[in-house]
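All remarks here apply to the structure that follows.
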Amino acid sequence: MNIDTDAKKDIILNSFNILKDDVSRNLSKIVSCIAKMSTYDIDMSKEMWTYIVKENISHVSNKSTAYDYCGNIAYEIERKTTWETVAKLVGDSNDLKKIVFGESGDICISTNYIIIGFLKNHDFNLAQEALELIYNNKNNNRSFSTILEELIEEIKTEEWSFPNEQLDSSGVEILLQWSSIITNPVEKARINIALLDYL
């Protein structure tokens, strides 16, 4: 049986509103609701995700549970759409930006993919803002240099298909700026080698 888009959205939203009263028990289905909604109404999906992270901020900042609320939701939305779409969704929400980059206890590969989405969308101010939030994130479970190195390496993978493996000069400038603050000589050397492909 085929039902129209509005009816599907109603089912998703009604289910979400019931399930959100017991997040710990229903989180996987809540994530599914948010991801499914992104195929029909990206703004509503954004509102649903924002609600969940704001209402569960202690889990977001906890290193052991943060991925479930940030990286995993981003990944599940990407499976239904694209990383560029996820980047636009997060970039359009001050709350999500601050929480995903600035408060999450797990800055993971999905987080990097959102930043790469900013770069591909030429949203350079958003990429800059995201990196600043990560740098100042007190809950982050990994060093900033490791995250930056992984970000640079991920840009070079085929999945992103930057023309000739080159970033726009504005994107390269952002990466250079952040690499300049790394003081550990080994970490700086690793990042410099990764950056050579863009210089």
Side-chain angles (χ1 to χ4, degrees), residues 5-6 8-9 12-13 16 20 27 30-57 60 66-104 106-137 140 147-148 150-163 165-175 177-178 198:
T5 297
D6 286 341
K8 290 178 181 179
K9 287 168 56 177
I12 295 169
L13 189 57
F16 175 84
K20 69 181 175 59
L27 183 57
I30 289 169
V31 172
S32 182
C33 286
I34 295 169
K36 289 178 188 296
M37 182 63 82
S38 70
T39 64
Y40 303 113
D41 188 333
I42 198 70
D43 289 328
M44 181 57 68
S45 179
K46 176 174 61 182
E47 288 182 27
M48 293 160 69
W49 188 5
T50 302
Y51 174 86
I52 288 299
V53 291
K54 289 180 75 173
E55 292 295 313
N56 296 276
I57 200 68
V60 170
Y67 177 77
D68 297 331
Y69 293 83
C70 295
N72 186 49
I73 293 179
Y75 171 71
E76 292 298 333
I77 293 173
E78 182 275 337
R79 290 181 66 195
K80 298 290 186 183
T81 59
T82 65
W83 280 114
E84 288 89 341
T85 300
V86 180
K88 184 171 186 340
L89 185 156
V90 174
D92 285 344
S93 169
N94 286 329
D95 287 327
L96 282 178
K97 276 186 296 184
K98 290 175 183 175
I99 293 171
V100 169
F101 301 115
E103 297 185 40
S104 175
D106 183 34
I107 302 300
C108 61
I109 195 165
S110 294
T111 320
N112 279 346
Y113 283 173
I114 297 170
I115 298 173
I116 300 171
F118 291 155
L119 295 171
K120 282 209 78 171
N121 292 339
H122 287 180
D123 291 324
F124 300 116
N125 289 337
L126 289 175
Q128 182 75 277
E129 183 181 356
L131 285 166
E132 185 170 355
L133 286 166
I134 291 171
Y135 182 75
N136 292 309
N137 184 340
N140 177 24
I147 293 166
L148 185 61
E150 288 181 357
L151 173 65
I152 294 165
E153 293 292 354
E154 281 299 327
I155 291 170
K156 292 186 279 187
T157 62
E158 289 185 9
E159 179 176 355
W160 292 103
S161 302
F162 281 90
E165 296 187 346
Q166 294 299 310
L167 279 172
D168 183 283
S169 60
S170 298
V172 174
E173 191 61 38
I174 290 169
L175 298 176
Q177 176 189 333
W178 284 103
Y198 306 110

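Everything numeric here is computed off the predicted structure, so don't read it as measured data. For the numbers below, each heavy atom of this structure counts, side chains included, while hydrogens, waters and symmetry mates do not.
Closest approach of Ser38 to Lys80, counting heavy atoms only: OG-CB, 3.9 Å. Of all the heavy atoms in Cys70 and Trp49, the pair that sits closest is O-CZ2, 3.5 Å. Closest of all the heavy-atom pairs between Gly171 and Phe124 is N-CE2, 3.5 Å. Across every non-hydrogen atom of Val90 and Phe101, the tightest pair is CG1-CE1, 3.9 Å. Pairing each heavy atom of Ile30 with each of Phe16, the nearest pair is CG2-CE1, 3.7 Å. Scanning both residues, Ala127 and Ile115, for their nearest heavy atoms gives CB-CG2, 4.3 Å.
In this structure, a donor-acceptor pair under 3.5 Å is present between the side chains of Glu154 and Tyr113.
At a threshold of 4.5 Å between non-hydrogen side-chain atoms, the residues Ile12 and Ile34 do not count as touching. Leu131 is listed as a side-chain neighbour of Leu151, based on a closest heavy-atom distance under 4.5 Å. Met37 places a side-chain heavy atom less than 4.5 Å from the side chain of Leu13. No side-chain heavy atom of Glu103 sits less than 4.5 Å from a side-chain heavy atom of Asn137.
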Determine, stepwise, if the pair Met48 / Cys33 fulfils side-chain contact (heavy atoms from CB on, under 4.5 Å). CA-CA 9 Å; Met48 293 160 69; Cys33 286; 3.9 Å; yes
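Between atom CD1 of residue Ile114 and atom CD1 of residue Ile77 there is a gap of 8.5 Å, rounded to the nearest 0.5 Å. Between Leu175 atom CG and Ile155 atom CD1 the span is 5.0 Å, to the nearest 0.5 Å. Distance check, rounded to the nearest 0.5 Å: NZ of Lys54 to CD1 of Ile52 gives 12.5 Å. If you take CG on Leu89 and CG on Asp43, they are separated by 8.0 Å, rounding to the nearest 0.5 Å. In this structure, CD in Gln128 is found 10.5 Å from CG in Leu133, a value given to the nearest 0.5 Å. Residue Asn112 holds its CG atom at 10.0 Å from CD1 of Ile152, rounded to the nearest 0.5 Å.
Thr111 places a side-chain N or O within 3.5 Å of a backbone atom of Cys108 that can act as its donor or acceptor partner. Of the possible donor and acceptor atoms, none in the side chain of Thr85 sits under 3.5 Å from a partner among the backbone N and O of Thr81. Within the 3.5 Å criterion, the main-chain N or O of Asp123 finds no donor-acceptor partner in the side chain of Asn121. Counting only distance, with no hydrogens or angles, the side chain of Ser104 and the backbone of Ile107 share no donor-acceptor pair below 3.5 Å. Not a single donor-acceptor pair under 3.5 Å links the side chain of Asn140 to the backbone N or O of Tyr135.
For Glu132, the salt bridge (Lys or Arg N to Asp or Glu O under 4.0 Å) criterion is met by no residue, not counting sequence neighbours.
Ring pair Tyr75/Trp83 is tilted by interplanar angle, where 30° to 60° counts as tilted.
Environment of NZ in Lys88: sparse, with no more than 12 heavy atoms of neighbouring residues, nucleotides or ligands closer than 6.0 Å. Annotation: Lys98, atom NZ; neighbour count of heavy atoms from other residues, nucleotides and ligands within 6.0 Å does not exceed 12. The local environment of CG in Asn125 is sparse, with at most 12 non-hydrogen atoms from other residues, nucleotides or ligands closer than 6.0 Å.
Under the 4.0 Å criterion applied to side-chain N and carboxylate O atoms, Lys97 and Glu129 are assigned as salt-bridge partners.
Applying the side chain to side chain contact (heavy atoms under 4.5 Å, CB included) test between Leu27 and each of Asp68, Ile73, Asn56 identifies Asp68 as the sole match.
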